Enquirer: 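My questions all concern the structure below.
Quick caveat, the model's predicted, so the values are computed rather than measured. Residue numbers begin at 1 in each chain, while the letters A, B, ... track the order of the sequences.
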Amino acid sequence: MGTLTSLSTVRAKARPPSVFERDLSVVFNEPVNGEYVRLALAAPSHLLERCRAGQFFHLLCPASGEDKPYLRRPMSIYGFFPKQGELHFLYKVTGAGTRALSKLCTGDSLNVLGPLGVGFRIEDDWRNLVLVARGVGLATLAPLALEARNRGRHLTAICSARSHDVLMSLDYFAEMGAEIITVTDADGTSEMGNVEKIIKRLVAGRGVDAFYTCGSNRMLTLLQALGQRYHIPGETALEQQMACGLGMCHCCVRPFRKAGALVQLRVCREGPVFDLQEAMPW
Amino acid sequence: MGTLTSLSTVRAKARPPSVFERDLSVVFNEPVNGEYVRLALAAPSHLLERCRAGQFFHLLCPASGEDKPYLRRPMSIYGFFPKQGELHFLYKVTGAGTRALSKLCTGDSLNVLGPLGVGFRIEDDWRNLVLVARGVGLATLAPLALEARNRGRHLTAICSARSHDVLMSLDYFAEMGAEIITVTDADGTSEMGNVEKIIKRLVAGRGVDAFYTCGSNRMLTLLQALGQRYHIPGETALEQQMACGLGMCHCCVRPFRKAGALVQLRVCREGPVFDLQEAMPW
Amino acid sequence: MVDLSVDIAGMRLKNPVMPASGTFSEDLAELFDIECLGAHVTKTITRGRRDGNPTPRVCEVDGSMLNSIGIPSKGVADFLKKTVPFYRAYDTPLVASISGNTTEEFATLCREVTVEGVDAIEVNVSCPNIEEDGKAFAIRPSSTYAVMRELRKATHLPLWAKLTPNTGETSEVARAAEEGGADALVVANTLLAMAIDVRTRRPKLGNLMGGLSGPSLKPIALRMAYQCAKATRIPVIGCGGIATSDDVLEFLIAGATAVQVGTATFINPTAMVTIIADLERRLEVERIASVRDLIGTVADGEQKAAVVFMEAAP
Amino acid sequence: MVDLSVDIAGMRLKNPVMPASGTFSEDLAELFDIECLGAHVTKTITRGRRDGNPTPRVCEVDGSMLNSIGIPSKGVADFLKKTVPFYRAYDTPLVASISGNTTEEFATLCREVTVEGVDAIEVNVSCPNIEEDGKAFAIRPSSTYAVMRELRKATHLPLWAKLTPNTGETSEVARAAEEGGADALVVANTLLAMAIDVRTRRPKLGNLMGGLSGPSLKPIALRMAYQCAKATRIPVIGCGGIATSDDVLEFLIAGATAVQVGTATFINPTAMVTIIADLERRLEVERIASVRDLIGTVADGEQKAAVVFMEAAP
Ligand SMILES: Cc1cc2nc3c(=O)[nH]c(=O)nc-3n(C[C@H](O)[C@H](O)[C@H](O)COP(=O)(O)OP(=O)(O)OC[C@H]3O[C@@H](n4cnc5c(N)ncnc54)[C@H](O)[C@@H]3O)c2cc1C
Ligand SMILES: Cc1cc2nc3c(=O)[nH]c(=O)nc-3n(C[C@H](O)[C@H](O)[C@H](O)COP(=O)(O)OP(=O)(O)OC[C@H]3O[C@@H](n4cnc5c(N)ncnc54)[C@H](O)[C@@H]3O)c2cc1C
Ligand SMILES: Cc1cc2nc3c(=O)[nH]c(=O)nc-3n(C[C@H](O)[C@H](O)[C@H](O)COP(=O)(O)O)c2cc1C
Ligand SMILES: Cc1cc2nc3c(=O)[nH]c(=O)nc-3n(C[C@H](O)[C@H](O)[C@H](O)COP(=O)(O)O)c2cc1C
Ligand code: FES
Ligand code: FES
């Protein structure tokens, strides 16, 4: 909101656009496993340089066969690589929009709007970061590993999934030098009691300066409790149905606890990343 | 309408369907000149055997890019070849539907509904047939040459166009053994006075038993006059905006002179071929 | 075996899928056995002959269509002589759609079509009432009630009132129709709309304005079907943009007992056949014994008390 | 050089393209220079704070969308302190959209936003009138007239009345607004609609019902714009499904003096920029000197006398 009030004095039109609407060309669009697809788009560096972990793009999915998505679809930045000139997404095929997206071929073009929203914060004195991710939450949290490496922080990634087959992004995290802990339903290791034990061990060990999570209600609740107990700050990324993605329509609000009261904040503008303790389980 | 009243006694459901809704596969879809495209579909012989010159199909043009045609588009049968198993159309690219049609590739599928409507009549004692066609009217009249040959009639085709480049179907008519007379705006031979002279020569020569036309108001008016003067019967195919194509919606009516009164008839059901003298210039 | 049958005011339909008036005729029997339908609904007729509106009578708008047919009619004599006998060859119930510009004309026609072979009468009260200001009867509760009361006196057959979306008082009109004697509500007719060719600057319809039908109408008709089901105790027959079995489920869940399929038949003439088959399969897969178990099952819990307020405040 | 400027009740707009209330905010300035727009129209505010409706507040329907935002508002104080100053940096006229649930509240707010920096007031009379039965003011001519008369007394600024499509009396409501003192009509707001998720059987909107906007609304809004232009002598601002310069031409030809673009901005945030550029190019190519030469040029010749009748008989 800081940017918004400053606009009233500095005339907005004097500034270069900070959000882009562009047709980007598909580099690849490949299945990761039965459910997820990884999409890479060729993007100019001035766009990629504006990207931050936790931000998202609003994608204009093309019509494809019976599927005629109308609204844009929000999708977290999975990776942004100014040197290669690539912007990556990781998505789960769930309905008309993502189904149409999954039909894109190399060379096709896709209209994107972004980067949008507020990304993850990494305060200067947060040395040891812990992220806990499950399912598609991984897509949102993955670029945090990239930023952590770039800024020389230690990151532990606790990755949860139904089974080892659908555990994603392990290579990605390994490449970024993150420490990886995997838990699965198949092993019985993903239940909350065990995750709690793992995190407590991390706190007792090298210590934890910040938690990050996304995509699981139970993880959010657990981290809120541990954060309160050990006074560890944290952040979570949230989702909501969106129309504009820019803050104009007020479709995407969620309630947050702020100073004892419930306030409605826009996921697309004040989020999608929010303070861990202010967020409400859904 | 004869079939309709008979239905009240013979239960319709006992009869096999006489109109088909089918996905057919594209054999080719090639430009004929700058404006027209010829489309060939692979079709089963039981469908092709029901086709008559003058009938049409109602095509479900696919969405393509920005073009999202909703209603079906009526298109005359340009050729039907039970032996090769092919159904042909000749169309002019004019709007969303035909533009989408023109994007079809070999092997793509197209949903068609037909054959629909009443085709051209060739009475047993009509030996010498004359057709006068211009522009896209050729598409509708061409299969008449096929039927004339099959039934051993002599056909003279007067083909009119802006210039020789856009004169179509000459090979087709030649193959069917028709006598061809071409007139063009470029030569100045297509003006009505000249066409009238040509027809009068035919009447005076081997004689004319029936006129057929389509696609030009001026031709229709000329043939109506000559038909009355020489007592030569004839038929014309007409167009109108359509929704159902089957006779249900009454969208496609045009006025006709019948027994001194004006009556509204459905182009899709009582037509698209009508008596030459009953038709009204538009 | 799932049970697709539904009951509309004492009339049993083998399934809840029937054609919408004006989008169906004997001609469709050339494509499939129309005995498979829940009912046969004929094109609206007037007492006397009418030519209908000038052409073009149809045009396309974004993913839907406009029409201004204007109810051409061969009159009631032709209907009784040709149409009714045609459908007598079928066991499927026949629903005759009628319309009139004055209450008296309407009631007379209602009496005239009360014949053997006609199983219910759909009264198209979306037609103009020339005794008042030319607005459709079903735009106002008062004129709806007045015409329904006279129609009720004119026949012992079930009366289905077909409502218009061109009103701000759907619930009130529905209640007025019920009080006036309607046995069921058909919701809804087309929505008044317009399109202009920007090249020629001419209206795309010969009649200037026409009725919107097809997919664009669906969310509006669904809202009306829901309102009518809440506002009355008589069965609601949903109509507007229905093209798939999912659309049928949506209307049933909202509170409709049956549905009519209109424009979809123009796009896919066998749409109703496909919908019925899909519906049966869906129920089997989801182990729902009867289609009637779906009616009005929308999970509207907390909100429904606030419906009137919400009506006005999207 | 073509002239794109138009005049709305004495206010000169550099071009006829402006955003629709609720689909625009300061945030769009991050994408392009919003000085290029004909006017800036703010989201409707109420006097006090309001949270708005439960989520989900938006869903997709066939090629369009439904919303039930419910006018969340930070109240008039916030508006005067933050919103008005933001737009003061622009030369483009600022139009403040307001709403109230009682005539008095509405009129008070109207007075409060009559400040320097606000150039016109758009009164969203499509909101519920809780002093009557909760229906929107603009559903009936009588309540439209009554509220407009009070609003007229509350300000000297141009008053734009924003009408609702949820009525069977568009022409009458338009005349009532004019008589009540409106300087222009914005035609129209969203159309009440509904969608249900057939898997969960839950309404797709947290509020059960919501407003339809986008391409599906266009032929309905166009019809209303035409009706309003015929029924009154004040300028009409068309709104509903406008996404291209062709759509703008269609509304101008139908009789609108300017247009508002809503949902299209959600799909293509730079839609208005593209539309303005395309419009200029179109006029150049077709050698039309001024966009004003297009207004109301629809070739409705013979039909227009019969409009009222046709309204009821598609
Ligand atoms: C900020 C943000 C980041 C996201 N990042 C990712 C990601 O990286 N990878 C990924 O797979 N998914 C992500 N999602 C969820 C993704 O947006 C939805 O899965 C997608 O919109 C579904 O569209 P659909 O047409 O395939 O499904 P449908 O169910 O057909 O969608 C219907 C409508 O609901 C909306 N919708 C459905 N699910 C969601 C959801 N979970 N959140 C918001 N809107 C939804 C759609 O946008 C569409 O408008 C993110 C959502 C948000 C809000
Ligand atoms: C019985 C019949 C046979 C026809 N045969 C041929 C043929 O063999 N070859 C050919 O090129 N064209 C033929 N036409 C015309 C053809 O149907 C139109 O050119 C086509 O529908 C245009 O569609 P569009 O989407 O490209 O154009 P658009 O102008 O975008 O169409 C908009 C709407 O108007 C309708 N429409 C436009 N022009 C016509 C027209 N002339 N007649 C009827 N509806 C129209 C379309 O079907 C559509 O619903 C025939 C028309 C009829 C009625
Ligand atoms: C071409 C056409 C003709 C129609 N004629 C009538 C009619 O005669 N009587 C009537 O009550 N409704 C008529 N309707 C309205 C339909 O019955 C139906 O209510 C409307 O089209 C909405 O349903 P749909 O979206 O499934 O088409 C007609 C609709 C169309 C498209
Ligand atoms: C998300 C959303 C919010 C809206 N909020 C308002 C509002 O606050 N006040 C108002 O008068 N109209 C509001 N509208 C209606 C629009 O201003 C416009 O009238 C309508 O959407 C039709 O135009 P469109 O089809 O171009 O979107 C809103 C519409 C949408 C989609
Ligand atoms: S999606 Fe429009 S405000 Fe967030
Ligand atoms: S197109 Fe429907 S009756 Fe001819």
Enquirer: Among D:Ser64, D:Pro19, D:Gly22, single out the residue with the greatest number of heavy-atom pairs under 4.5 Å to chain A.
Expert: D:Ser64
Enquirer: For A:Tyr36, what residues pass the ring-ring contact (aromatic ring centres under 6.0 Å, His included) criterion, not counting sequence neighbours?
Expert: none
Enquirer: Please tell me if the side chains of D:Met65 and A:Cys249 come closer than 4.5 Å, counting only heavy atoms from C-beta onward.
Expert: no
Enquirer: Heavy-atom distance under 4.5 Å to chain A: side chain of D:Thr270, backbone, both or neither?
Expert: both
Enquirer: Could you tell me which portion of A:Leu71 (side chain, backbone, both or neither) has an atom closer than 4.5 angstrom to a non-hydrogen atom of chain D?
Expert: both
Enquirer: Run the numbers on A:Cys251 and D:Ile69 for side-chain contact (heavy atoms from CB on, under 4.5 Å), then give the verdict.
Expert: CA-CA 6 Å; A:Cys251 284; D:Ile69 312 291; 3.5 Å; yes
Enquirer: For A:Pro255, is it the side chain, the backbone, both, or neither that has a heavy atom closer than 4.5 Å to a heavy atom of chain D?
Expert: neither
Enquirer: Considering residues at least two apart in sequence or located in another chain, which fulfil the side-chain hydrogen bond (donor to acceptor under 3.5 Å, both in side chains) criterion with A:Thr106?
Expert: none
Enquirer: How close do A:Gly247 and D:Ser25 get, counting heavy atoms only, and between which atoms?
Expert: O-OG, 4.2 Å
Enquirer: Considering only heavy atoms and a distance below 4.5 Å, find which of A:Asn111, A:Val253, A:Leu60 pairs most often with chain D.
Expert: A:Val253
Enquirer: Quick check on D:Arg12: does its CZ atom have over 12 non-hydrogen neighbours (other residues, nucleotides or ligands) under 6.0 Å away?
Expert: yes
Enquirer: Is it the backbone or the side chain of A:Gln241 that comes under 4.5 Å from a heavy atom of chain D, or both, or neither?
Expert: both
Enquirer: Under 4.5 Å between any side-chain heavy atoms of D:Phe266 and A:Met248, yes or no?
Expert: yes
Enquirer: Is it the side chain or the backbone of D:Pro72 that comes within 4.5 Å of chain A heavy atoms, both, or neither?
Expert: side chain
Enquirer: What option among D:Asp51, D:Val58, D:Val61 has the most heavy-atom pairs under 4.5 Å with chain A?
Expert: D:Val58
Enquirer: Give a yes or no on whether a salt bridge exists between D:Glu30 and A:Arg50, defined as a side-chain N under 4.0 angstrom from a carboxylate O.
Expert: no
Enquirer: What part of D:Asn268 gets closer than 4.5 Å to chain A, counting heavy atoms only: side chain, backbone, both or neither?
Expert: both
Enquirer: Taking everything shown except D:Arg202 itself, do over 12 heavy atoms lie less than 6.0 Å from its CZ?
Expert: no
Enquirer: Measuring from A:Gln264:CD to D:Asn53:CG, what's the distance to the nearest 0.5 Å?
Expert: 10.5 Å
Enquirer: Name the option with the most non-hydrogen atom pairs under 4.5 Å to chain A; the candidates are D:Pro215, D:Cys59, D:Gly52.
Expert: D:Pro215
Enquirer: Check the pair D:Leu31, A:Leu113 against side-chain contact (heavy atoms from CB on, under 4.5 Å), reporting the backbone distance first and the verdict last.
Expert: CA-CA 10 Å; D:Leu31 260 105; A:Leu113 173 70; 3.7 Å; yes
Enquirer: For atom CZ of A:Arg162, decide whether the heavy atoms of other residues, nucleotides or ligands shown that lie under 6.0 angstrom number more than 12.
Expert: no
Enquirer: So does A:Arg257 have more than 12 non-hydrogen atoms from other groups sitting under 6.0 Å from CZ?
Expert: yes
Enquirer: Heavy-atom cut-off 4.5 Å, strictly under: side chain, backbone, both or neither for A:Leu246 against chain D?
Expert: both
Enquirer: Considering all heavy atoms of both residues, which atom of D:Thr263 and which atom of A:Tyr70 are nearest to each other, and what is their separation?
Expert: CG2-OH, 3.3 Å
